[in-house]
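Notes for the one structure printed next.
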Amino acid sequence: MNKKKNAIRIGAVEFRNPVFLASGPAGYGLEYAGLIDLPSLGAVVTKTVSYSPRRGNPGRRLRETVSGLLNSVGLENVGAEEYFAEKLPPLYDAGVKPVVSLAAEDWEDYRKLLELTARQENVDVVELNLSCPNVERGGMAVGVDPDLVRRYVRLAKDILRGAAVLAKLTPNVQDIGLLALAAEEAGADGITAINTVLGMDIDTDSGKPVFHRIRAGLSGPAIMPVALEAVWRIRRRVEIPVIGVGGISSPLDAEKFFLAGATAIQIGTAIFYAPGLPGEILSALEERGIPAPINLPD
Amino acid sequence: MNKKKNAIRIGAVEFRNPVFLASGPAGYGLEYAGLIDLPSLGAVVTKTVSYSPRRGNPGRRLRETVSGLLNSVGLENVGAEEYFAEKLPPLYDAGVKPVVSLAAEDWEDYRKLLELTARQENVDVVELNLSCPNVERGGMAVGVDPDLVRRYVRLAKDILRGAAVLAKLTPNVQDIGLLALAAEEAGADGITAINTVLGMDIDTDSGKPVFHRIRAGLSGPAIMPVALEAVWRIRRRVEIPVIGVGGISSPLDAEKFFLAGATAIQIGTAIFYAPGLPGEILSALEERGIPAPINLPD
Amino acid sequence: MNRIKSLFRARVLRHQVLTPSCRLVVFDRPAGFPAASPGHFVSVRVSDSSVPLLRRPFSILDLTAGELILLVKIVGRGSALLAGANPGDGLEIGGPFGGTVFEPPARGKAVFVAGGTGLAPAVFAARTWNKGGLVEEIHLVHGASTRDELLTGFCEKDFSHVHQATLDGSAGFGGDAVSLLEKLVNDGVVPLDALFSCGPRGMIRALVERVGSRFAEHHASLEAVMACGVGACRGCTVPVRENGETLLRAVCSDGTVFPAGDIAWEEWED
Amino acid sequence: MNRIKSLFRARVLRHQVLTPSCRLVVFDRPAGFPAASPGHFVSVRVSDSSVPLLRRPFSILDLTAGELILLVKIVGRGSALLAGANPGDGLEIGGPFGGTVFEPPARGKAVFVAGGTGLAPAVFAARTWNKGGLVEEIHLVHGASTRDELLTGFCEKDFSHVHQATLDGSAGFGGDAVSLLEKLVNDGVVPLDALFSCGPRGMIRALVERVGSRFAEHHASLEAVMACGVGACRGCTVPVRENGETLLRAVCSDGTVFPAGDIAWEEWED
Ligand SMILES: Cc1cc2nc3c(=O)[nH]c(=O)nc-3n(C[C@H](O)[C@H](O)[C@H](O)COP(=O)(O)OP(=O)(O)OC[C@H]3O[C@@H](n4cnc5c(N)ncnc54)[C@H](O)[C@@H]3O)c2cc1C
Ligand SMILES: Cc1cc2nc3c(=O)[nH]c(=O)nc-3n(C[C@H](O)[C@H](O)[C@H](O)COP(=O)(O)OP(=O)(O)OC[C@H]3O[C@@H](n4cnc5c(N)ncnc54)[C@H](O)[C@@H]3O)c2cc1C
Ligand SMILES: Cc1cc2nc3c(=O)[nH]c(=O)nc-3n(C[C@H](O)[C@H](O)[C@H](O)COP(=O)(O)O)c2cc1C
Ligand SMILES: Cc1cc2nc3c(=O)[nH]c(=O)nc-3n(C[C@H](O)[C@H](O)[C@H](O)COP(=O)(O)O)c2cc1C
Ligand code: FES
Ligand code: FES
């Protein structure tokens, strides 16, 4: 078996294959070690970290919908310092390829976060989460504005000299292609799409919104057609690699994203109920190779 | 049993209850006569008609997704003239309350359509479909632009003197609340939300997009949390009634839309697999009344 | 208003396994279930969840005083759920649906070409017409990939002649049903009055292009993905030529049976 | 890297119906399934579709050389699917999960208060500790709404004393389990060394507020909606006071067992 057959490249970084875990569901990575063969994956995007630790949102954080999941975790994380000291090194030790996900909060914290990241050895690829719907500042507020996307991506490229920078975008806009273009113009090495879709639920027993922050982010199989459309659209707007994420729940789904033009895919919600899925997708790719993208205009 | 208990009012129009069929899935209405007790409903919104007949889209028009349905019917319709002559009168004869759904195409056709509509007796409520994702002109292109929404609604109010005008909006924007506000400012009597969510699918056998127009509109249980969020948001932005539609597939779902502040609800995709649902929702309302909206700020 | 009730709860009585992938599912005919004709179909809610979402259309294979019989080939989740329903289970069924049906042949002689489960309407036609004394000679040309997939053992008596083809030649004629029919026509074995076909689109198209014109008439029962089943949603359209125009017709309510020669194959993308 | 495998396929061996809504589901213990302690749980994929989406967490009621036993109360679709799995069916199971467990009481005397299916970890604790000779006196206080819902007939022998309560007074003490415990404490019937509780949040809170302080220690096994079950997603957090701070702890990996007195009830919205 040719080990390099399915290797891919984003910026200057090579990944052993194009099957990643999405940021968030898999935590810092090793929590899933008993359930998923992490070193076999192209990468594990770790849960987004911010400069300072974040407590995340109070109240309920999860709610199932029909074939979907609403979450309002709110970027709970240990903060970048503890992350780089405690969470990241064991991943390298375990032979897992990490992608570091960074939260864009306000400009100053963001700069400090980038500077801290730049001082780490080994961090050769980061994903900028410009799209979390579950926080007050930063997050989606950045990801909906092309100018802000440009500024945030540019600062990352400036400070993280040499590292590949992925911009993770939100679908809660009229044209995600515009945001992708802005990221590309600012030097992004790849686009990750999509983050969760804005949604909400109401508890009919209590007669109140389920979540403290009322809105939450929808993920899972329910949103797959939305994510696929986003990847198709972005692919036809930018030259840089697109990493597809959103509702992938079968090897056939993965195939669709490659056909739409994704260079790699990420699996999020599906690992909750089907931890075997990444392995199944890898086997399918091993057997048939990465499907060539469809060559059609928008 | 108090027959009027669940009556609602939108503009000057009274409906016997707040359970409607959504535009499109039920066609011109009577096709469903054997499956749904149509006169028992608050209203049937008939499939959108345009000034001239439309052939609709070639190729595949339907595709199931996980708990959802993509459609690319493309506003096939017999044209307003035949509609008013042939399709609408039998609804009145059958005791069904129709809401006439009109397609906003280009400005001149739109004006002619409104003038033709204004000449009809009995048409006391129309829904402007400003949001179909499956057509080249009009449709969603209008519904994403507050200025166009304002112009289109105003023209309808001007020409259809006295009739209640509902503006049906698309969720494929950053803030549907802004569009609702524009419609209200222009004199709309109600907002219908949401039309389908943009999505796509790829056929892995043929290795091509499923639909001729590539993109299609996603409906069904998968999108319910998105529709609920839209209704919640619009309710807190405008004073006029909001009619909730999108993925409603159980009496509990319906309850959530009323709690979010909907004055009425529409059922679309669910009638394909559960034609009994409207009746179940009516029974639940009959028993427990219309749930009072949650009184919480945005 | 058309007040004919068309939504029922039907109880599974029994199954009959025909091939590894096909079985007959026999329902108790629900009270009030209307009469039906060959080409009519029902749509079955196969799951009580939204996966799969849509009801699934199945042609009526037979409708007797007490029973409603479907022929189910397992091709995906929906058909597997239906095929797996246990005796005693109640399923929601809509129908009978369909606007046009197979009409008995004017001169009493009919040839059916059935690909796979396209056999269902053929059997229903044969039984209905035999019962009514409406047909004197009725041929069935039935093709399958291999001997194991031939649908036999429950309907031979319904036809005056059964001609079988397998792609791998493991039984009957070696080749597809269309080639077999060609041969039967060339050999003068079948009457050329009326051809009735049902099965995959590709088969019907090949029939039209290769032998259809040899018959005085050719009626085809088509399939398309359906949502409503009653002509409302316009989701199941196929292009059909009528009076020089190509119109998009709904398979569920304008069909399922169309004059095969009128189908605008070149415009029928899928 | 922690390479303990925690994903298995488990075959249902049999069921035992306990009450109209509750049953024991007995699985063949999968090869390689690790040892577990009271308070550990498994998460079960109850459907092969995405409805319901998430696996469902269930406490381990017993784990023997050959069997894994769950106590399942039917409250919705997921639990109904699990309760309806047939002997022979194989289900995907993750586990054993959980960071903290019920530790045997230092002085060998324990009181368990179990609301509803909170009985499962209590039974597992009793069996484990009895087997290990780690406990000499072990009380069970078990409440249900009515006599029919009392979970009896399979675990009385595991406890030295069983105290039952029904809300409607149809069996045992008339009232809830908390009130019964209050009475038992007041009457000096139960030892005050160690209280262990599992059940609905409201019950545990009432225990803490009304009788918890009478015990030397009180450990509670909590429930929360879970997605990953392994501490990754941070979806199942509860507010717990530690060193003067209120931290959000994951029930699945920081729990399921917490010092009951440390739970910050006033901050626990749901
Ligand atoms: C009028 C009509 C009569 C039919 N009669 C029979 C019959 O007698 N016996 C029989 O076995 N099959 C019959 N079919 C086909 C049957 O409906 C499909 O095989 C079934 O819907 C597939 O469902 P699935 O979930 O198992 O497969 P899927 O996994 O959903 O798909 C497998 C294939 O079935 C097709 N399909 C899916 N959904 C539909 C739908 N709503 N309508 C039509 N096709 C669909 C897909 O395009 C795909 O090619 C008929 C179809 C039509 C339209
Ligand atoms: C650590 C733990 C141990 C448990 N042990 C048992 C046990 O031994 N026996 C038993 O019968 N039940 C136990 N439960 C509860 C059991 O998980 C729920 O009853 C079950 O998940 C409900 O699923 P459903 O689809 O039937 O109900 P639903 O219709 O989904 O919901 C019914 C109720 O169950 C809750 N629920 C739904 N999904 C989850 C989830 N993923 N995690 C937790 N709660 C959920 C909902 O909040 C709701 O109140 C335990 C829960 C946890 C967290
Ligand atoms: C519980 C949960 C937590 C998440 N946390 C993050 C996060 O920290 N950073 C991020 O960029 N995306 C986060 N996401 C979004 C996912 O990475 C992914 O973009 C989204 O869920 C769609 O993919 P899926 O449907 O495969 O889950 C989270 C998703 C879930 C369900
Ligand atoms: C097959 C189909 C056809 C539709 N046609 C129309 C239409 O003609 N006009 C319109 O305003 N909306 C149309 N819609 C959108 C629905 O009215 C509704 O807004 C949407 O499907 C979401 O609701 P649902 O999830 O309950 O279906 C159509 C939807 C479907 C599935
Ligand atoms: S399935 Fe709806 S028109 Fe045919
Ligand atoms: S369920 Fe994911 S952290 Fe507990």
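The chains referred to below are lettered A, B, ... by the order of the sequence lines, with proteins before strands, and numbering in each begins at 1.
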Most contact-rich option vs chain A, by heavy-atom pairs under 4.5 angstrom, among V230(D), V238(D), V51(D), is V230(D)
Salt bridge check, D201(A) against R63(A): does any charged N sit closer than 4.0 Å to a carboxylate O? yes
The interface call for R45(D) against chain A, heavy-atom contacts under 4.5 Å, is side chain
Under 4.5 Å to a heavy atom of chain A? For R56(D) that would be side chain
The interface call for T269(A) against chain D, heavy-atom contacts under 4.5 Å, is side chain
In terms of heavy-atom contacts, A260(A) and V231(A) come closest through CB-CG1, 4.1 Å
Applying a strict 4.5 Å limit to non-hydrogen atoms, the region of F97(D) in contact with chain A is side chain
Closest non-hydrogen contact found for N172(A) with T196(A) is ND2-O, 3.3 Å
Shortest non-hydrogen pair, I60(D) vs L70(D), comes out as CA-CD2, 4.2 Å
*Can R14(D) and E67(D) be counted as an ion pair, charged N to O under 4.0 angstrom?*
yes
Checked G276(A), A274(A), S206(A), P275(A) vs chain D; the most non-hydrogen pairs under 4.5 Å come from P275(A)
Are R249(D) and E267(D) close enough for a salt bridge, meaning some N to O gap below 4.0 Å? no
Most contact-rich option vs chain A, by heavy-atom pairs under 4.5 angstrom, among A227(D), S43(D), G94(D), is A227(D)
